[in-house]
*Asks:* 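Have a look at this one before I ask anything.
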Protein chains: 4
Amino acid sequence: MRPASLRPALLPQRERGRARVASLMAAAAALFVEKGYDATTMTEIASRAGAAIGSLYLFFPVKQTLAQAIMADLASRLSARLEALQDRVRARHAAEIADALFDELAQFLAENPVYAVLLDLPGDEDWRSAIRLQRRGQIAQLFNQASPALAPAQAERLALIVPQLMRTAMVVSGQSPALREGLFDELRSMLRHHLAWQHRDPLSSAAADPTSSA
Amino acid sequence: MRPASLRPALLPQRERGRARVASLMAAAAALFVEKGYDATTMTEIASRAGAAIGSLYLFFPVKQTLAQAIMADLASRLSARLEALQDRVRARHAAEIADALFDELAQFLAENPVYAVLLDLPGDEDWRSAIRLQRRGQIAQLFNQASPALAPAQAERLALIVPQLMRTAMVVSGQSPALREGLFDELRSMLRHHLAWQHRDPLSSAAADPTSSA
Amino acid sequence: MRPASLRPALLPQRERGRARVASLMAAAAALFVEKGYDATTMTEIASRAGAAIGSLYLFFPVKQTLAQAIMADLASRLSARLEALQDRVRARHAAEIADALFDELAQFLAENPVYAVLLDLPGDEDWRSAIRLQRRGQIAQLFNQASPALAPAQAERLALIVPQLMRTAMVVSGQSPALREGLFDELRSMLRHHLAWQHRDPLSSAAADPTSSA
Amino acid sequence: MRPASLRPALLPQRERGRARVASLMAAAAALFVEKGYDATTMTEIASRAGAAIGSLYLFFPVKQTLAQAIMADLASRLSARLEALQDRVRARHAAEIADALFDELAQFLAENPVYAVLLDLPGDEDWRSAIRLQRRGQIAQLFNQASPALAPAQAERLALIVPQLMRTAMVVSGQSPALREGLFDELRSMLRHHLAWQHRDPLSSAAADPTSSA
DNA sequence: CATGAATGAGTTTTCATTCAT
DNA sequence: GATGAATGAAAACTCATTCAT
């Protein structure tokens with residue numbers, strides 16, 4: 001493996017180029033999901049996209065740039081969705097926000113399984129942390145607008161938790177449909193109750209918690 | 001090169017061999033956690049264990065067998081722990097069981113981070129599914145003994161969910177200690193409340209759920 | 001390492017590639033003859049052909065495929081020759097056919113010693129049997145067209161015998177030239193007389209065989 | 001691969017040692033026939049013989065010494081048989097000698113297929129040539145005692161040819177029994193006629209050869 | 001003598017990346 | 001831009017041989 005070239009990824013100028021880049025990214029995404037990032041070879045990607053290996057390198061001079069490009073695209077799509085969501089749930093109860101967020105993420109991950117694959121790669125490159133950070137920020141924002149208001153620290157924690165809960169749901173996508181369905185509801189309700197509990201009438205708190213370990 | 005699986009994994013018969021196998025597995029586990037499975041080379045493993053590459057292949061004729069051996073070991077340790085746990089929580093409330101299970105898994109994963117790394121590898125070999133299946137079965141058992149009783153289907157779901165919640169907790173282990181601490185408690189309490197809620201006095205059920213989306 | 005046969009043998013599409021493939025096969029053939037199949041390394045082949053090891057694997061992803069490619073080529077050449085021969089000897093006496101076949105094979109093996117080397121490798125892969133079978137069929141055909149006609153079963157036997165006689169002749173190619181010369185003639189005449197004898201005037205048969213062991 | 005040790009093969013002193021050596025040689029011979037010399041590993045040989053790899057090296061410090069030991073044994077057995085044969089066929093007709101020799105070799109090779117395998121290895125070590133030379137000499141002797149006498153040069157040639165004819169018969173040992181049987185007879189009669197022809201009444205020679213290419 | 005672990009040079013094979021056309 | 005051949009460092013894996021007990 002020679003040192004990665006410094007040449008930046010060529011930006012496709014014409015329509016034809018943009019289509020080609022899209023098909024290369026699609027092929028790569030599909031393969032990353034099927035076999036994992038490491039096990040997928042550049043040659044395989046090119047060939048699945050019906051392109052020559054040279055063409056692939058024209059646009060993505062280093063394998064990682066493919067991952068980055070795919071993730072940049074998905075991150076911005078997700079970001080847009082979350083932004084739209086933000087408008088819809090402003091000033092709702094945290095439980096409702098969680099519910100909506102849950103659905104949004106579920107749909108997104110179902111449509112773009114490669115997102116999880118690439119975000120969970122070992123190693124911690126900067127661009128990956130950056131994407132995670134941005135997502136966390138956006139989700140925290142979402143919860144910060146809840147009414148009644150959440151403690152900012154909890155919003156932070158939820159921003160970490162919710163996406164992971166989603167991954168749980170995804171992991172079992174290979175399971176029987178019935179199980180998956182139930183699982184989904186269970187997770188969603190768990191989250192909802194959690195938030196409901198924390199923001200119920202504080203007076204009844206201590207007495208009502210049958211699980212308090214104290 | 002003839003097919004890789006013809007050469008059987010030698011099982012060490014003398015003390016010296018057993019020690020070497022242990023040190024090789026330890027070196028491999030450490031490296032898998034540090035750099036990921038794919039990025040770790042056999043040469044590196046051998047060298048970290050202070051062994052010759054040939055010695056490594058003597059016991060683990062294919063890289064995958066290392067992963068399998070490590071996982072087989074960890075799976076049986078975890079299984080033993082869960083069995084012990086089962087005796088301690090028999091006939092407790094589901095919420096309590098969840099709490100105890102949560103702690104048990106947390107400790108196990110903290111001590112054996114390689115467990116998560118190897119179980120989450122891309123691809124779906126049989127031995128990996130088998131390990132997952134066994135774990136699910138054991139955890140479901142745990143919940144099936146709860147009192148008041150859970151629906152068996154829910155026990156199944158929880159057996160899927162709890163380990164994932166744990167992973168969530170682990171994933172963020174790179175975060176600031178303060179955040180991690182809070183996160184941990186948040187997850188645990190989420191689970192506890194969820195179970196508490198579902199199995200509280202049934203009479204007050206419908207009226208008391210402030211989050212019902214209906 | 002994933003199973004070796006997933007990476008398909010690239011077939012060269014440009015002139016440059018075809019030339020390289022030819023030179024790789026030539027280098028391999030030469031080395032197989034010089035040192036035997038097993039003792040020849042892929043590295044050595046590439047280097048003798050003036051190519052990088054990666055280029056060799058580009059076209060021959062497994063060592064065996066080199067042997068196969070070489071044999072496929074030679075087998076088709078030999079087949080063509082035998083077909084041509086068939087036209088020349090149609091309806092001749094079996095002894096004459098044998099003689100001509102003998103010469104044809106002798107020349108072929110002298111020009112392509114690797115043919116014998118690769119056909120005689122230990123193990124019995126399918127492609128090797130297939131080549132042998134085809135050759136047998138073609139030679140049997142040759143003898144089936146003899147006049148007077150041979151019993152089909154004998155044609156079959158000859159198809160097995162003649163190539164081996166040739167090998168005999170080749171094996172001793174390391175001997176002194178004088179001996180080799182005589183040997184060659186001896187083998188050829190043995191075959192000729194054998195066939196002549198069996199198909200002479202049947203009336204004198206029994207009485208004339210001075211060697212009958214009866 | 002380190003340089004071959006200079007330590008000579010240990011000669012087994014006690015009965016137990018001799019038995020072990022025999023079983024090691026038997027295991028090696030069997031494997032050499034099954035998979036070829038190169039493809040057979042020392043470890044495999046030891047394990048098939050139920051011995052430790054260390055024990056194998058105790059008696060055969062280099063892989064080649066195994067081949068040599070096996071061949072030395074077989075060569076002397078064959079030599080003894082040929083010597084016995086010599087007494088039985090003294091002063092017989094060359095055709096009869098050939099016939100008897102044919103049978104003798106056939107039986108020997110059927111019983112000891114490893115003989116052919118090891119004698120035909122690529123490369124030309126001295127010990128191998130020596131064995132071939134000795135065999136040739138002995139067979140030439142056989143024919144030199146024929147009556148009427150053969151030209152010494154022809155005896156030499158036959159000494160080269162007959163063993164090869166035998167190999168022909170062996171090569172097809174995988175064929176259907178019927179074919180094999182017929183093949184055997186065909187080869188034997190070919191040889192018999194060849195010798196009969198050459199030593200018939202010289203007066204009728206020219207006229208009687210229907211295949212003379214002149 | 002026996003044994004089984006250990007060794008490491010040598011082989012095959014892979015694949016990200018570059019180059020010539 | 002496009003293509004397909006070329007590259008070679010690095011990885012996986014082998015196995016004859018040696019060594020410690």
Side-chain angles (χ1 to χ4, degrees), chain A residues 1-5 7 10 12-14 16-17 20 38 40-44 46 51-64, chain B residues 1-2 4 6-7 10 12-21 38 40-44 46 51-63, chain C residues 1-2 4 6-7 10 12-21 38 40-44 46 51-63, chain D residues 1-5 7 10 12-14 16-17 20 38 40-44 46 51-64:
Chain A
M1 251 177 279
R2 311 200 195 142
S5 128
R7 172 161 46 89
L10 224 65
Q13 310 289 8
R14 316 193 183 167
R16 178 135 154 266
R20 171 137 291 190
D38 282 296
T40 299
T41 72
M42 291 297 269
T43 306
E44 217 173 352
I53 177 69
S55 301
L56 177 53
Y57 271 88
L58 210 52
F59 300 110
F60 305 98
V62 167
K63 191 181 181 184
Q64 238 201 73
Chain B
M1 201 187 319
R2 263 146 282 130
L6 285 184
R7 235 154 299 282
L10 194 68
Q13 313 185 351
R14 301 183 184 178
E15 195 42 41
R16 183 141 164 247
R18 267 185 294 269
R20 176 123 296 183
V21 163
D38 283 299
T40 299
T41 71
M42 292 297 269
T43 308
E44 216 174 353
I53 180 66
S55 300
L56 177 53
Y57 275 93
L58 194 59
F59 300 109
F60 305 99
V62 170
K63 193 181 177 184
Chain C
M1 203 185 319
R2 263 145 283 129
L6 285 186
R7 235 153 299 283
L10 194 68
Q13 312 185 354
R14 301 183 184 178
E15 196 42 42
R16 185 143 165 244
R18 267 185 295 270
R20 176 122 296 181
V21 163
D38 283 300
T40 299
T41 71
M42 293 296 268
T43 309
E44 215 173 354
I53 181 66
S55 301
L56 176 53
Y57 275 90
L58 194 58
F59 300 109
F60 305 100
V62 170
K63 193 180 177 185
Chain D
M1 251 176 279
R2 310 201 195 143
S5 128
R7 172 161 46 90
L10 224 65
Q13 310 291 8
R14 315 191 184 169
R16 177 133 156 269
R20 172 140 286 191
D38 282 297
T40 300
T41 72
M42 292 296 271
T43 305
E44 218 174 350
I53 179 67
S55 301
L56 177 53
Y57 271 89
L58 211 53
F59 300 110
F60 304 99
V62 167
K63 191 181 182 185
Q64 237 202 74

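Here is the naming used below: chain letters follow the sequence lines, and residue numbers restart at 1 for every chain.
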*Asks:* May I ask you to say what B:Leu58 touches in the nucleic acid, namely base, sugar-phosphate or nothing, with a heavy-atom cut-off under 4.0 Å?
*Replies:*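 The answer is base, as B:Leu58 lies within the cut-off (heavy atoms under 4.0 Å) of a base atom.
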
*Asks:* What integer number of Å spans the P atoms of E:dC1 and F:dT21?
*Replies:*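 These two P atoms come out 23 Å apart once rounded.
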
*Asks:* With nearest nucleotide decided by heavy atoms, which residue, C:Gly54 or B:Ala51, maps closer to the 5′ end of DNA chain E?
*Replies:*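 Its nearest nucleotide lies further toward 5', so the answer is B:Ala51.
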
*Asks:* Return whichever of B:Gln13 or A:Lys63 has its heavy-atom-nearest nucleotide of DNA chain E closer to the 5' end.
*Replies:*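 Counting from the 5' end, the first nearest nucleotide belongs to B:Gln13.
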
*Asks:* Over how many whole Å does the gap from D:Ile53 atom CD1 to E:dA6 atom C1' extend?
*Replies:*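 Rounding to the nearest Å, CD1 of D:Ile53 and C1' of E:dA6 are 12 Å apart.
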
*Asks:* Using Watson-Crick and G-U wobble pairs whose two distances are both under 3.5 Å, how do you write the pairing of DNA chain E as dot-bracket, with | for links to another strand?
*Replies:* .||||||||||||||||||||

*Asks:* Quick one: C:Asp38 CG to F:dA16 C1', roughly how many Å, whole number?
*Replies:*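 To the nearest whole Å, that distance equals 15 Å.
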
*Asks:* Name all residues meeting the side-chain hydrogen bond (donor to acceptor under 3.5 Å, both in side chains) criterion together with B:Arg18; count only those two or more places apart in sequence or in a different chain, and write none if there are none.
*Replies:*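 Testing B:Arg18 for side-chain hydrogen bond (donor to acceptor under 3.5 Å, both in side chains), a comparison that skips the adjacent residues, returns B:Glu15.
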
*Asks:* Can you find a side chain N or O atom of B:Thr43 that sits less than 4.0 Å from OP1 or OP2 on F:dA11?
*Replies:*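 Checking B:Thr43 against F:dA11: no side-chain N or O falls below 4.0 Å of OP1 or OP2.
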
*Asks:* What's the CE-C1' distance between B:Met42 and F:dA11, to the nearest Å?
*Replies:*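 Answer to the nearest Å: 11 Å.
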
*Asks:* Within this structure, what is the CZ-to-P distance between C:Arg16 and F:dG4, rounded to whole angstrom?
*Replies:*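 Interatomic distance, CZ of C:Arg16 to P of F:dG4: 14 Å.
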
*Asks:* How would you list, by chain and number, every residue that makes a side chain to side chain contact (heavy atoms under 4.5 Å, CB included) with B:Tyr57, sequence neighbours excluded?
*Replies:*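 B:Met42, B:Ile53.
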
*Asks:* For B:Phe59, which contact category applies under a 4.0 Å heavy-atom criterion: base, sugar-phosphate, or nothing?
*Replies:*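 Sugar-phosphate, no base atom in range.
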
*Asks:* What does A:Arg20 touch in the nucleic acid at a heavy-atom separation under 4.0 angstrom: a base, only the sugar-phosphate, or nothing?
*Replies:*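 Sugar-phosphate only.
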
*Asks:* Work out which heavy atom in B:Phe59 is nearest to a heavy atom in B:Leu10; give both atom names and the distance.
*Replies:*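 Looking at all heavy atoms of both residues, the shortest contact is CD2-O, 3.3 Å.
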
*Asks:* Looking only at heavy atoms, what is the nearest atom pair of B:Gly17 and B:Pro12, with distance?
*Replies:*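 Heavy atoms of B:Gly17 and B:Pro12 come nearest at C-CB, 3.4 Å.
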
*Asks:* List in chain and number order the residues that pass side-chain hydrogen bond (donor to acceptor under 3.5 Å, both in side chains) with A:Gln64, two or more places apart in sequence or in another chain; answer none if no residue qualifies.
*Replies:*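 Listed in chain order: A:Gln68, A:Glu125, A:Trp127.
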
*Asks:* Quiz question: going by heavy-atom distance under 3.5 Å, is there a donor-acceptor pair between the base of E:dT3 and the side chain of B:Arg14?
*Replies:*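 When only heavy-atom distances are counted, B:Arg14 does reach the base of E:dT3 through a donor-acceptor pair under 3.5 Å.
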
*Asks:* Whole-Å distance between F:dG4 P and C:Arg18 CZ?
*Replies:*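 Nearest whole value for this atom pair: 12 Å.
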
*Asks:* Please state how far atom CD in A:Glu44 lies from atom C1' in E:dC15, giving the value in whole angstrom units.
*Replies:*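 About 11 Å, once rounded to whole Å.
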
*Asks:* Counting the atoms with a prime plus P, OP1 and OP2 as sugar-phosphate, which does B:Thr41 contact under 4.0 Å by heavy atoms, base, sugar-phosphate, or nothing?
*Replies:*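 Answer is sugar-phosphate: B:Thr41 comes under 4.0 Å of backbone atoms only.
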
*Asks:* Check side-chain hydrogen bond (donor to acceptor under 3.5 Å, both in side chains) between C:Glu44 and all other residues, then give those that pass, not counting sequence neighbours.
*Replies:*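 Listed in chain order: C:Lys35.
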
*Asks:* Given E:dT7, E:dT17, F:dT17, which nucleotide is nearest the side-chain atoms of B:Ala52?
*Replies:*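 Closest nucleotide to the B:Ala52 side chain: E:dT7.
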
*Asks:* Under 4.0 Å: is that the gap between some side-chain N or O of C:Tyr57 and OP1 or OP2 of E:dT14?
*Replies:*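 Negative; the distance criterion is not met.
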
*Asks:* Figure out the CG/P separation between C:Leu56 and E:dC15, and round it to whole Å.
*Replies:*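 Value for this atom pair: 16 Å.
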
*Asks:* What distance do A:Asp38 atom CG and A:Lys63 atom NZ have between them, rounded to the nearest 0.5 Å?
*Replies:*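 Going from CG on A:Asp38 over to NZ on A:Lys63, the span is 5.5 Å.
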
